[in-house]
Amino acid sequence: VVGFGQCKQLEYVNIPETATEIGAAAFAGAAITSIDIKNVKTIRHAAFRDCTKLKSIDLSNVTKLESTYRGNGTFLRCTALEDIGDISQMTEIGEYEFNGCTSLKLDTLNLPNLTKLGTRAFEKTPIRHIVNLGQITYIQDFGQMEKVEDVIIPGTLVTGGNIFNHMRISKHIIMLPTVPPSIGVYSFYNCQVPVIYVPDASLEAYRTATTWLTKASIIKPISEMPTE
């Protein structure tokens, strides 16, 4: 499905059941308020970028959002978007995909099948809990996420960019990798977080690892986490 971008009078679209992919910038800037995408599995970059009236779309069957560079997120700046359905089946979420979706009613990121998470994919959204990021091995950065309470980083993470810069995390970060991931020197730039929990056996490794050592005073063993 392609070719409806900038259709300022287009309010509703019913995608045929035979369609499995929505192409790049297919509806970018259109006036649609809702859309039924049925059996679509893949949505390419900027497909709904700047659809500022779009309020709902069910992504329950979608496994891949394929934006590969900044400024071309699938739902970038969809400021009215509230409901996206269940996204737990997604395996790939690209760059800036939901960036600027300030009305999104998604409280918790639970993505057990995820293998790729792009830069600032959920920046400026009201997400509060990041509990499962699947099997990802790399994160560039989450971007400005200012309502987050807790973050769990999976044990598969090996490397990253400036992961936590500009984040506001009110409770804690839990790091599950037993080996401290190699991350960027600005990973904690302008980041607020009271405590970082790491595997007990890896406590000293985290406190002395490059970049992590800047937060050595707040790095604690998981065994000291309070029970709720």
Would you say [X]'s side chain and [Y]'s backbone share a donor-acceptor pair under 3.5 angstrom?
| X | Y | value |
| --- | --- | --- |
| T91 | L114 | no |
| R49 | R77 | no |
| T208 | E204 | yes |
| E224 | P221 | no |
| T102 | P126 | no |
| Q89 | L59 | yes |

Are [Y] and [X] connected in a single hydrophobic cluster, I mean Ile/Leu/Val/Met/Phe/Trp/Tyr linked by side-chain heavy atoms less than 4.5 Å apart?
| X | Y | answer |
| --- | --- | --- |
| M167 | L176 | no |
| I152 | V195 | yes |
| V193 | L203 | yes |
| I32 | I22 | yes |
| Y186 | I196 | no |

Could you check whether [X] pairs with [Y] (Lys NZ or Arg NE/NH1/NH2 to Asp/Glu carboxylate O, under 4.0 Å)?
| X | Y | answer |
| --- | --- | --- |
| K55 | E82 | no |
| E95 | R70 | no |
| K38 | E17 | no |

Pairwise side-chain contact, [X] with [Y], heavy-atom cut-off 4.5 Å (strictly under):
| X | Y | value |
| --- | --- | --- |
| I169 | I173 | yes |
| V151 | I174 | no |
| P177 | Y206 | yes |
| H129 | D107 | yes |
| P181 | T159 | no |
| L213 | R207 | no |
| I43 | V62 | yes |
| T79 | C101 | no |

Hey, could you give me the [atom1]/[atom2] distance between [X] and [Y], rounded to the nearest 0.5 Å?
| X | Y | atom1 | atom2 | value |
| --- | --- | --- | --- | --- |
| I57 | I37 | CD1 | CD1 | 4.0 Å |
| M90 | I93 | CE | CD1 | 5.5 Å |
| N99 | S67 | CG | OG | 10.0 Å |
| L65 | T74 | CG | OG1 | 4.5 Å |
| L157 | S182 | CG | OG | 10.0 Å |
| K64 | E92 | NZ | CD | 4.5 Å |

Next item on the list: Any chance you could lay out the side chain to side chain contact (heavy atoms under 4.5 Å, CB included) test for V40 and T42, step after step, and finish with the verdict?
Entry: CA-CA 6 Å; V40 169; T42 301; 5.8 Å; no
Margin query: With a sphere of 6.0 Å drawn around NZ of K220, does it hold more than 12 non-hydrogen atoms of other residues, nucleotides or ligands?
Written below: no
What pairs with [X] under ring pair (Phe, Tyr, Trp, His ring centres under 6.0 Å), at least two apart in sequence or on another chain?
| X | value |
| --- | --- |
| Y96 | none |
| Y197 | H172 |
| Y138 | none |

Heavy-atom pair with the smallest gap, counting every atom of [X] and [Y]:
| X | Y | value |
| --- | --- | --- |
| G23 | A47 | O-CB, 3.7 Å |
| V131 | N110 | CG2-CB, 4.0 Å |
| P199 | M175 | CD-O, 3.0 Å |
| P194 | K171 | CG-O, 2.9 Å |
| F75 | L81 | CD2-CD2, 4.0 Å |
| N113 | S88 | ND2-O, 3.1 Å |

Check: For the residue pair H166 and Y189, does the interplanar ring angle fall in the parallel (under 30°), tilted (30 to 60°) or perpendicular (over 60°) class?
Finding: perpendicular
Note to self: Once you measure the plane-to-plane angle for F164 and W212, does it fall in the parallel (<30°), tilted (30-60°) or perpendicular (>60°) bin?
What the structure shows: perpendicular
Checklist line | Test log, rule side chain to side chain contact (heavy atoms under 4.5 Å, CB included), inputs L76 and F48 | finding: CA-CA 7 Å; L76 179 67; F48 297 95; over 6 Å; no
Notebook entry, point to check: So, for H45 and Y69, is the gap between ring centers shorter than 6.0 Å?
Noted result: yes
Note to self: With side chain to side chain contact (heavy atoms under 4.5 Å, CB included) as the criterion, how do N190 and R168 come out once you've worked through the C-alpha distance, each side chain's angles and the decisive distance to 0.1 Å?
What the structure shows: CA-CA 9 Å; N190 200 27; R168 301 290 185 272; 3.5 Å; yes
Check: Could you walk me through whether R44 and E21 pass the salt bridge (charged side-chain N to carboxylate O under 4.0 Å, His left out) check?
Finding: CA-CA 8 Å; R44 302 202 180 277; E21 180 180 305; 2.7 Å; yes
Margin query: Between N132 and L111, does the side chain to side chain contact (heavy atoms under 4.5 Å, CB included) criterion hold? Intermediate values first, please.
Written below: CA-CA 5 Å; N132 193 336; L111 303 164; 5.7 Å; no
Check: Any side-chain donor-acceptor pair under 3.5 Å between S223 and D200?
Finding: yes
